[in-house]
Structure formats: structure tokens, C-alpha cells
Peer 1: 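Could you have a look at this structure, given as C-alpha cells, before my questions?
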Amino acid sequence: MSVVQSIRTAAVAALKSLYDQQVTESDIAINITKPEFEGEYTIVVFSFTKFSRQKPEETAQRIGEYLVSHNPELIARFNVVKGFLNLSINDAYWTKFLQTYYGDVNIGIQPANGKRIMVEYSSPNTNKPLHLGHLRNNFLGYSIAEIMKANGFDVVKANLVNDRGIHICKSMLAWQLFAHGDTPQSSGIKGDHLVGDYYVKFESVVKEQAEPIIDRVLENDFADFDGADVEKIGKLVTALHKPEVKEDKEKTGKIMDDIKEMSRNKTEIMQQAKIMLQQWEAGNHEVRELWATMNSWVYEGFDQTYKRLGIDFDKMYYESETYLLGKDLVAEGLEKGVLFRKEDNSVWIDLTADGLDQKLLLRGDGTSVYMTQDLGTARLKYQDYHMDQSVYVVADEQNYHFKVLQLILSKLGEPSAPGILHLSYGMVELPHGRMKSREGTVVDADDMITEMVQTAEEKTKESGKNLDAFSEDELHELYDTVGMGGLKFFLLRVDPKKKMIFDPKESIDLHGFTATFIQYAHARIKSIIREVGPVADLAGFIYTGELLPLEKELIILNEQFPGILAEAYRELSPSVIASYIFQLAQLFNSFYGEKVDGVPTYSILRAATEEKKKLRLQIIMMTAHTIAQGMKLLGIKVPERM
RNA sequence: GUCUUGGUAGCUCAGCUGGAUAGAGCAACUGCCUUCUAAGCAGUAGGCCAUUGGUUCGAAUCCAAUCCAGGACACCA
């Protein structure tokens, strides 16, 4: 039981006994005592004055006296400032805690709770390589899955690969037209990048081909369009010439975007891509063959990147295998009367009663849309794993989609519905704004990784450390640990819910609130432990003297780790752990560096007594374990030395 | 237009189930390597917590309105 929990229990008993009040534990506000006051934890008693019918000071005094006399093993002293009851925990409590846990490398890990959670993350498209945005998704998904495991859940990490659709056909077509048979092997280009290059090529051809069409449109020549499109594009052009639109740059831009989009759709190459998609859906052998080949290139590339990122999956889903699944659900929904069919044969669900719109589930031609696929996949996942919760790590631009997904699933009576949880995270932006592929500002994931590891190498060499003791392999591992750690920490240290600014200059920094800082603290501890060597009787040792301030603070902070772990799960936020571990590393560094008149206060090797040496060893060992454990939950390695 | 998220130091972010004088890191400025790794430590400076009102013994935190910024509201995924 945690200290805070023990205090709560004791306080509830005190209130019952003193005032005959049954207060729930969660109603007791316990804070960490401000450094300027004596004590470690503080009970805020203002709210108790309602039933104590005494001044806050008197109330606090009475509770304090009760707590000390009834819980002497826990609380040694107290002092009262206004309505704040500051408690000093017994040093013996801390040293006992230390003795129990200092050697526990699984500190904070909870036993299995019998619940299963699926975490779907990464979910890439196979038409281009991963970029910075995917990195946040991947790190977040991996970390949250690890955090859930540590909290006792049985976690299934899933990856739903978007391996079919018009975007894939674009890459395929451009490859057919322009690649002259190039392969990753022949070109020496990583598979996902090669395919991505042809996607870019496709887009540039579209742009080229669309220009004359747009020119004609702007001269009121709509010969490129047919059917209802003629009227639609005509309206857009008319709107463009309205005086109130002419003055409004934003409106003009929007209309021009629509015109461009329609024109792009009429280009020859786009038409070809659409034909290819139809051929794919019809199972055309040649198209399927090409598709399989190019996807295999991409997977090879992704596998390499995933490996470097250190992330993994228990289950792969492929959209090519799941995109038809939702249709059964739609049929059942029609039968149940939850869905309805319109004149054009399209199928809809009416969510207006829930404050939302009508939502399309099947097109008039019977083909499914994004939502239909997700409905089907949700059922499939549930059939496969019967999980209690199904988490989707997806950017916040899809908040509406997941709200609707869950609502429809529950209206269809799907057992998976209550467990749907959208872990919505903010987009990654650059200092100048959002990444835009059209403007070429997308930061490539592989480039990013390479740059971080390179920076780690440069900084290590610049540091002037003696690297002779490291083998070549060890050095490379260190660069990787520091570089990748830096990247992961930078993306995980901010609250996932919030959008974040990614400043490349800041991201390669190795000082301050960074993984490197924490890794360094860990390496320092390990270095001391190596230096000291084995110590007799450490396991059975309990320090009985008085604790110095930073000795005590370190134990206290370590003791909070399980609570932090639970909070990280509750908030679905690895950043909680990142902040905590940083704070712990900071505190250790102060402990390590404090000197009075040039003499280190907390020296381990040269501790004044053997008892102090053992105490401090226990403290730093526990600290190293907590740091390593916390970093592991973020997917970050810690070095033994650096 | 409707819904939604955010606005805290020059910059990037904590703090938000209401509690004591609002915290880190970066950047700036001072000091500290003959003693366990200076990728470090100690310190200085930097704030009308977007604005206005309300609830309360007490508000950065809760409520309302306003301003500013992002996102969503597709027979795209």
C-alpha cells in the first residue's frame, strides 16, 4: 500500500473517531508538502470544518494528534499552518520500504488482472514511407500498450495496414509508366521510399495534366466534363466571379481548390488509376500481381523502420482482407430496421436523434465506405480476441469518425461497442505550421532517425569522454540508444491530447528535459555500483539512523512510481511517466552533486560510515531500477555507461 | 453556420478531481571539474495563467460570455 493510501485510511479513521463522520477516502485532499514547510505530505482540512465546527487550525491540530498517536509507525510528527496539516513520515517507514524494494527490477508492475485490451496503432498506408506524424503514433501506441501491460492487462498490439485503394493504384500506375522495371534491388532504394517516389511522380503528372483543364474551365470551356459535373463546375466558376468572393481571399481559395480537385479527377492518368482500382477489385491477375509485388517492397521497408524504432505487433490486419466485412453488418442492420435504404439504393443510418447527421454506410452501387470497413473490422477484432477494450491510436482529426463508429456499433448491438476507445492525439506540426506533402515539408521518418543517431555520435565524440573502453559495437549501440531515445522522448514528453510543435533544432538537443539527461543519470548510478562491487548483507540491511534531506526525498519520489504508472494508464499518457522520470533523474543529479565546502554530502564510495554507504547504495539502486522501468515503458533503452 | 480542442515566462511544455508565494527545460547572465562520469550541479533574471463576469473561506484549475488559433462536420481514408 502506498504512503498516500495509508494516510487516507488513517485519516478516514481519525475523522470517524473524532467527529463521527464517514468520509470517503477520495474526499480527502492530500498534497505533497511545499518545500518551505516541514513534512512530506499534507492533508488539507478546510473542508472538514463543516462538521468539526472548529477553526481550520484547531481541526488540523486534533487530527494531527490523533494520527500521530494512532499511527506512530507511519507518522512521526506534524505541524499545522492555517488549514494545512503537514505530516512528517517516520524515517523507519521509508527505510523499511527501501529495504523491501531496492532490488526489485520490476518495481511498480502490477499482477495480471484478467482483462484484455487491443491497441491498434501505426496503421500505415502502403503508398509512401512513414513520416514524423507516424512516429508520434507509433511511439504512443507502443508506449501505451506497455503501460497497460504494466498495469496488469493482457495487451494485443494490432496493426491495420491500409494496403489497397486508389492511393496504392496511383503508385502502381506511375511505376508501370515511368519506372522501366526499377526495383529496390536494382535501384538501391528502400522499398517504401521507392514506391513513395512513384506516388509523388503520379501527383506531379496529375498536376501537369490538370493545368490545361483548369485553364479551359476558367475560360468557361467545360468540354472536359460531362453529366452533372458540367453544371457543378459551371456554378463554381460563376461563384468565382462574384464581387463578394473576389474580395475574399479565403473563399476564392476554397472555390479554386474545388475546381482544381474536379479538374484533377478528369486527367487521363487519374482515369487510368480509377480503372486500375476497378481491375484490382475485379481480381485482375496482372494488377494483383503488381500490387502484391510493390506491397512486398513496402513491407520490407516498413519492417526495417519498425525494427529501428523498436516497436512490434502481435497481430497484423490487412485492409485488402477486411474491406468487405462490414457488408454483413449492414445487411443485419437493415433487417433490424436500424438502417434504411434510399431511392438510389444507398444505405444510411440516421443519427439525428443523437445530435449528429445521417451517415452513409453503403454507396448506391453497393460498395462500402471507410465507416463500413471499420464496422466490419471491429467485429472481426472482437471475434478474434474478445477483448474488454479496443483502443484506436488515431489522430484527433478523426474524433468525429470514432464517435460515430462507436454509436453505430452500439445501435447494431455489437458486443464490441462499449469497449471502443479512441486514443486521440494531436497532430505534429513544424515551427512554420502543418506538414504539407504538396509543399514538400513532410519530415521523413527514416531521415529523422538517421539524423538523431548521427547527432548522438557527434555529440558523444565532442564530449571529450574517453571512449577507449567501448568496443566499436558498443559505441554504435550507444549512439542508437541516445539518438532513438532522444527522438522518442521528445515526441512522448508532451500530453498526447495536445498538438505539438516539432522543432528539429530542439529535438536534437541532449540537455535538459531529454532522454539523454535521464540516461546519463542512469549511467552514473551504474558506474558507481560497478565501482563499489558486491556488498555483504545489503539485502537484509535496514538503515536505522536519521535520513538526510536528499536521501529521504529520493526514497519518497521512488515510492510514488506505482501511482504514476496507474495515472499514466488512467490518463492514457506516457508523458506522465516522462515528466516523473525526468524529475527523478534531476533529483538524483542533485544528490550526486551536492557539496558543502567542496566535500560531497552524499558520497557513496567515501560515505562516513558503512551504514550510510549501504543506505545510499540501496537508494541509488532503487532509483536506477525505477528509471530503467519508466524508460522501458516509453520504449527507451538506458545505457550501463556513457 | 454547428460541434470540438486549445490559449500559462522570449520559445517548448508541466500544473487543471479547486488549496499555501504558479513550476520545468531551452535561450540569456553568474559561479563550480586534483576526490563516485561537467551529456552534470548551484544561482540570477524572466508571469495581469487570452479577456470579462460568476461560484467559493480560497480559482491558472469549476461555470458563463467574448476574443484569438487549430480540427471536424465527404458517396476520401
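In what follows, every heavy atom counts, from backbone to side chain, and hydrogens, waters and symmetry copies are set aside. Per chain, numbering begins at 1; letters A, B, ... match sequence-line order.
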Peer 1: With a 4.0 Å cut-off on heavy atoms, is R606(A) in touch with a base, just the backbone sugar-phosphate, or nothing at all?
Peer 2: sugar-phosphate
Peer 1: K465(A) side chain N/O closer than 4.0 Å to the phosphate oxygens (OP1, OP2) of A39(B)?
Peer 2: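 Looking at the OP1 and OP2 atoms of A39(B), one of them is under 4.0 Å from a side-chain N or O of K465(A).
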Peer 1: Here's a test of your reading of the structure: between W348(A) and F517(A), which maps to the more 5' nucleotide of RNA chain B?
Peer 2: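 The answer here is F517(A).
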Peer 1: Need the pair for A60(B). Rule: Watson-Crick or G-U wobble, both distances under 3.5 Å, any strand; none if unpaired.
Peer 2: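 With both distances under 3.5 Å required, A60(B) matches none.
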Peer 1: Looking at N399(A), I'd like to know whether one of its side-chain N or O atoms comes within less than 4.0 Å of OP1 or OP2 on A72(B).
Peer 2: no
Peer 1: Hey, does M642(A) reach any base, or is it just sugar-phosphate, or nothing, if we go heavy atoms under 4.0 Å?
Peer 2: base
Peer 1: Strictly by Watson-Crick or wobble contacts shorter than 3.5 Å, is anything paired with C11(B), and which nucleotide is it?
Peer 2: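 The answer is G25(B), by the H-bond criterion.
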Peer 1: Is it the case that the base of A20(B) and the side chain of N86(A) share a donor-acceptor contact (distance under 3.5 Å, atom types as modelled)?
Peer 2: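 By the distance-only test, yes, there is a pair.
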Peer 1: Tell me what E594(A) touches on the nucleic acid: a base, only sugar-phosphate, or nothing, going by heavy atoms under 4.0 Å.
Peer 2: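 Nothing, no heavy atom under 4.0 Å.
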Peer 1: Reckon Q398(A) has a side-chain N or O less than 4.0 Å from the OP1 or OP2 of G71(B)?
Peer 2: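 Q398(A) to G71(B) OP1/OP2: no side-chain N or O under 4.0 Å.
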Peer 1: For Y323(A), run the ring-ring contact (aromatic ring centres under 6.0 Å, His included) check against W280(A), Y370(A), Y318(A), Y317(A) and tell me which one passes.
Peer 2: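 Only one of W280(A), Y370(A), Y318(A), Y317(A) forms a ring-ring contact (aromatic ring centres under 6.0 Å, His included) with Y323(A), namely W280(A).
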Peer 1: Under the criterion of centre distance below 5.5 Å and interplanar angle below 30°, is F37(A) classified as stacked on the base of A20(B)?
Peer 2: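 F37(A) ring centre within cut-off of A20(B) base, planes near parallel; stacks.
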Peer 1: Counting any heavy atom closer than 4.0 Å, what does T460(A) reach on the DNA or RNA strands: base, sugar-phosphate only, or nothing?
Peer 2: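 Base, at least one base heavy atom under 4.0 Å.
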Peer 1: Please evaluate the base of C75(B) for a donor-acceptor partner in the side chain of D344(A) within a cut-off of under 3.5 Å?
Peer 2: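 Looking at the base of C75(B), it does pair with a donor or acceptor on the side chain of D344(A) (distance under 3.5 Å).
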Peer 1: Between A20(B) and F84(A), is there a base-stacking contact, meaning the centre of the base's six-membered ring lies under 5.5 Å from the residue's ring centre while the planes stay under 30° apart?
Peer 2: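 The base of A20(B) is stacked with F84(A) (centres under 5.5 Å, planes under 30°).
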Peer 1: Can a side-chain donor-acceptor contact be found between S171(A) and N127(A) if the only test is distance below 3.5 angstrom?
Peer 2: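 Absent: no donor and acceptor within the cut-off.
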Peer 1: On the side chain of T42(A), is there an atom forming a donor-acceptor pair with the base of A20(B) - under 3.5 Å, no angle test?
Peer 2: yes
Peer 1: With respect to the phosphate group of U37(B), does any side-chain polar atom (N or O) of R530(A) fall under 4.0 Å of OP1 or OP2?
Peer 2: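 For R530(A), the contact criterion (side-chain N or O under 4.0 Å from OP1 or OP2 of U37(B)) is not met.
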Peer 1: Taking the six-membered ring for Trp, does F46(A) stack with G19(B) (centroid gap under 5.5 Å, planes within less than 30°)?
Peer 2: yes
Peer 1: Examine A39(B): is either OP1 or OP2 under 4.0 Å from a nitrogen or oxygen in the side chain of S463(A)? Give yes or no.
Peer 2: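 No, no such contact exists.
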Peer 1: May I ask you to say what Y370(A) touches in the nucleic acid, namely base, sugar-phosphate or nothing, with a heavy-atom cut-off under 4.0 Å?
Peer 2: base
Peer 1: Quick check on ring-ring contact (aromatic ring centres under 6.0 Å, His included): which of F402(A), Y425(A), Y121(A) does Y392(A) satisfy it with?
Peer 2: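 Going through the options one by one, the only one that passes is F402(A).
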Peer 1: Which nucleotide, in any strand shown, forms a Watson-Crick or G-U wobble pair with C32(B), with both distances under 3.5 Å?
Peer 2: G40(B)
Peer 1: Tell me the partner of C73(B), counting only Watson-Crick (N1-N3 plus N6-O4 or O6-N4) or G-U wobble (N1-O2 and O6-N3) with both under 3.5 Å; none if nothing fits.
Peer 2: G1(B)
Peer 1: Which nucleotide, G70(B), C36(B), C73(B), lies nearest any side-chain atom of I604(A)?
Peer 2: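 The nucleotide sitting nearest to the side chain is C36(B).
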Peer 1: Provide the Watson-Crick or G-U wobble partner of A50(B), both distances under 3.5 Å; none if there is no partner.
Peer 2: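 Pair assignment: A50(B) / U66(B).
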Peer 1: Hey, does G598(A) reach any base, or is it just sugar-phosphate, or nothing, if we go heavy atoms under 4.0 Å?
Peer 2: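 Answer is base: heavy atoms of G598(A) come under 4.0 Å of a base.
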